[in-house]
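Reviewing the structure listed below.
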Amino acid sequence: MGWGRDGRQARNHRLKERIAGMAFLDAQARAVLFEPPDTHEEALARYALTPEDVAFARRRRRSHNRLGFAVQLALVRDLGRPLRPGETIPAAVLDTVADQIGIDPVVFELYARRDETRREHLAEIVAQLDLRTMRERDYRLCIRAATTGAVATEKGEPIVLAVIDALKAARIVVPGAGPTQGLEHSLHGTSRRSVGPAAGGNPSWT
């Protein structure tokens, strides 16, 4: 019994060290996992709003806020992550979302200037969808998912995808700081800490 436990611990330690040393994703893999589509065909397939989504977005008073809210809601539903500060959204996605709520997509530029509004809207979306943002204790969930994924591969994409799927299953918003900065930092940092509590304050996930 003791040998089996020690063996599992040694294996997990090796996997964590391998995760900690990996260069997780190249640019193409980051785009697949974290970026919205840049073709209208794919945007139409992935960014169809429900009637409830449209009604939720239309509660905002100004057109740019309605569009920005709807885009952020669609991002959370599709990629699991929020809109990033100053993020440029592909025209295909803007056109697709704007058409569904009857707004000119050019007004999105006004929305992108107000980070406080973006954060307020994210809080509303998280509450409406019964989600929550990532907490320090969720590092353990990340490393468990990454360790499981690393058993079968050393490639970064399927390992990060396993973590994203685990976060979505737990109804946790995927970190949105930089293309993968928050998520990769959590995996590397947790690996090096042997899944101990994170030092310092909470990271910014929004």
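Keep in mind that what you see is a predicted model, and the values were worked out from it rather than measured.
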Are any non-hydrogen side-chain atoms of [X] and [Y] less than 4.5 angstrom apart?
X	Y	value
V97	L73	no
P82	L75	no
R46	V93	no
F34	V174	yes
P36	L79	yes
K168	I172	no

Salt-bridged, R114 to E120, with N to O below 4.0 Å?
no

Between E124 and R119, is there a salt bridge with N-O shorter than 4.0 Å?
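Judged by the 4.0 Å cut-off on N to carboxylate O distance, R119 and E124 do not form a salt bridge.
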
Using every non-hydrogen atom in the two residues, find where [X] and [Y] come nearest and quote the distance to one decimal.
X	Y	value
I101	R66	CD1-O, 3.8 Å
S63	I103	O-CD1, 3.4 Å
R58	Q100	NH2-O, 3.9 Å

Roughly how far apart are [X] [atom1] and [Y] [atom2], rounded to 0.5 Å?
X	Y	atom1	atom2	result
H64	R62	NE2	CZ	5.5 Å
T96	L44	OG1	CG	4.0 Å
L131	I125	CG	CD1	9.5 Å
E109	T88	CD	OG1	10.0 Å
D99	D104	CG	CG	11.0 Å

Show the numbers, then the answer: is there a side chain to side chain contact (heavy atoms under 4.5 Å, CB included) between R77 and L49?
CA-CA 10 Å; R77 286 198 183 281; L49 302 175; over 6 Å; no

Go through E87 and R81 one step at a time and tell me if the salt bridge (charged side-chain N to carboxylate O under 4.0 Å, His left out) criterion holds.
CA-CA 12 Å; E87 180 175 5; R81 70 161 178 86; 2.7 Å; yes

Grouping I, L, V, M, F, W and Y whenever their side-chain heavy atoms are under 4.5 Å apart, do [X] and [Y] come out in a common cluster?
X	Y	answer
L129	V126	yes
Y111	V107	yes
L161	L141	yes

CD/Q128: more than 12 non-hydrogen atoms of other groups inside 6.0 Å
yes

Please check if the number of heavy atoms outside R61 that lie under 6.0 Å from its CZ is greater than 12.
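Atom CZ in R61 is not packed in, count stays at 12 or less.
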
May I ask you to decide if [Y]'s main-chain N or O and [X]'s side chain share a donor-acceptor pair within less than 3.5 Å?
X	Y	answer
E42	P37	no
R60	A70	no
R118	L83	yes

Ring centres of F56 and F69 under 6.0 Å apart?
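Between F69 and F56, which both carry aromatic rings, the centre distance is below 6.0 Å.
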
I would like to know whether R132 and D138 meet salt bridge (charged side-chain N to carboxylate O under 4.0 Å, His left out); could you show each step before the answer?
CA-CA 11 Å; R132 65 176 176 83; D138 298 321; 2.7 Å; yes

Test L33 against E157 for side chain to side chain contact (heavy atoms under 4.5 Å, CB included), laying out the working first.
CA-CA 8 Å; L33 294 174; E157 184 174 345; 3.9 Å; yes

Could you walk me through whether L167 and C142 satisfy the side chain to side chain contact (heavy atoms under 4.5 Å, CB included) test, starting with their C-alpha distance in whole Å, then the side-chain angles of each, then the deciding distance to 0.1 Å, before giving a yes or no?
CA-CA 8 Å; L167 291 174; C142 286; 4.2 Å; yes

Applying side chain to side chain contact (heavy atoms under 4.5 Å, CB included) to Y47 and D78, what does each step give before you reach the verdict?
CA-CA 7 Å; Y47 285 75; D78 178 42; 2.7 Å; yes

